[in-house]
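A short write-up of the structure that comes next.
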Amino acid sequence: MRLANHDGRLVIVTGDEVVDVATASEGRFGPDPQAAYDAWDDFTAWAAQRPAPTGKLEEATLGPVSPRPRQVFAVGLNYADHAAESGLPLPEYPMIFTKFVSAIAGPYGDIVLPSTTVDWEVELVAVIGRAAKAVRPDDAWSHVAGLTVGQDLSEREVQRRGQPPQFSLAKSYPGFGPVGPYLVTLDEAGDPGDLALGCSVNGEVMQDGSTRAMVFSIPELIGYLSGVCTLLPGDLIFTGTPPGVGQGRTPQRFLAPGDVLETTIEGLGTMRHRLISPAG
Ligand code: ZN
């Protein structure tokens, strides 16, 4: 199943049509995309009855699949080949930071560049469907609603400030956490441990990797995170990026006004954003 935030309303996507959940369920489920995660078991049981489409998919109206997560986790250096590119050893434990929730954005549209050192990071994002507290990795998938595409946009100068550096602020400018276009449930998402993912700037491929290179798998991350925090329905986990980020290139390259950034994961879809200057 594919879910989307369609002009602010929860829909099930079936090809080029959508099922408006509030309409088709006659109000049993509300229109708020965030609410589906809080009622995940009831919602998926209802959706399994394959309600009839209620309208056409209008891609341009799609918003973030989880617009108001209560927590957003992100993982640094979680691809062996990206750690090598960064000149850093493989971490012994997952390196966790947050993207503050005001950075969450939809899969299309404009993102304001606050500086000349903003970088891209394609990431597979897991969305929590059932609360998770101290779960074992072998039980972790039952707590996941599905997967989506994310961009962990990063302001590299702010990211290096402080000693030791703290990543969260540099990754939380408005629009720096786009997710979408769809929430793809696990039965349709392919093998999460073997998905091609990448991004391009103005059509030029910058990242072209595979989730096979992840250091800590999604179940391992959920086991680790839920040993500390209670993971809540709708929470997002950005799971790290493969090589090819701008700061790792020679010469370094960052996003400029007018650039078009396309972010893709096999089977999950493509996000498309235009970077703009603060003046527009
Ligand atoms: Zn990242």
Side-chain angles (χ1 to χ4, degrees), residues 64 66 69 71-91 93-105 107 111 113-115 117-127 147-162 164-180 192 195-201 206-218 220-222 224-225 235-249 252-255 261-265 268 271 273 275:
S66 180
Q71 303 178 98
V72 180
F73 302 93
V75 189
L77 298 177
N78 199 33
Y79 280 66
D81 38 8
H82 174 58
E85 162 188 69
S86 305
L88 295 165
L90 287 186
Y93 299 98
M95 196 195 78
I96 305 298
F97 54 93
T98 190
K99 293 173 80 70
F100 294 107
V101 297
S102 56
I104 298 302
I111 298 172
L113 287 171
S115 74
T117 48
V118 175
D119 205 347
W120 52 82
E121 296 190 356
V122 57
E123 307 211 0
L124 175 62
V125 173
V127 184
L147 303 174
T148 191
V149 183
Q151 250 295 346
D152 178 18
L153 286 157
S154 303
E155 206 299 311
R156 297 301 192 197
E157 193 275 320
V158 174
Q159 189 178 344
R160 286 193 298 270
R161 285 181 190 164
Q166 305 289 314
F167 287 5
S168 300
L169 202 59
K171 291 164 173 275
S172 296
Y173 286 88
F176 272 31
V179 287
L195 295 176
L197 75 174
C199 71
S200 67
V201 177
M206 295 296 169
Q207 293 185 282
D208 181 15
S210 167
T211 59
R212 283 194 305 270
M214 283 173 74
V215 178
F216 300 101
S217 68
I218 289 174
E220 289 170 330
L221 293 171
I222 289 173
Y224 183 73
L225 291 167
D235 282 359
L236 304 177
I237 305 173
F238 283 70
T239 60
T241 201
V245 300
Q247 74 169 358
R249 307 178 84 86
Q252 288 187 333
R253 177 161 171 187
F254 298 107
L255 291 164
L261 176 64
E262 289 194 311
T263 308
T264 299
I265 301 182
L268 302 185
M271 302 195 297
H273 296 96
L275 289 307

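Numbering of ligands and ligand atoms starts at 1, following listing order.
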When R249, Q252, Q159, R156 are each screened for side-chain hydrogen bond (donor to acceptor under 3.5 Å, both in side chains) with D119, the one that passes is R156
inquiry  = For a quick check under 3.5 Å, do T117 and E157 share a side-chain donor-acceptor pair by atom type?
reply    = no
Sorted by chain and number, protein N/O/S atoms nearer to the Zn ion (ligand 1) than 2.8 Å are E121 OE1, E123 OE2, D152 OD2
**Prompt:** Going by atom types alone, do K99 and S172 pair a side-chain donor with an acceptor below 3.5 Å?
**Reply:** no
Any donor-acceptor N or O pair under 3.5 Å, side chains E155, S115
yes
Interatomic distance, OG1@T148 vs CG@L124, rounded to 0.5 Å, equals 9.0 Å
Heavy atoms of T98 and V72 approach each other most closely as OG1-O, 2.6 Å
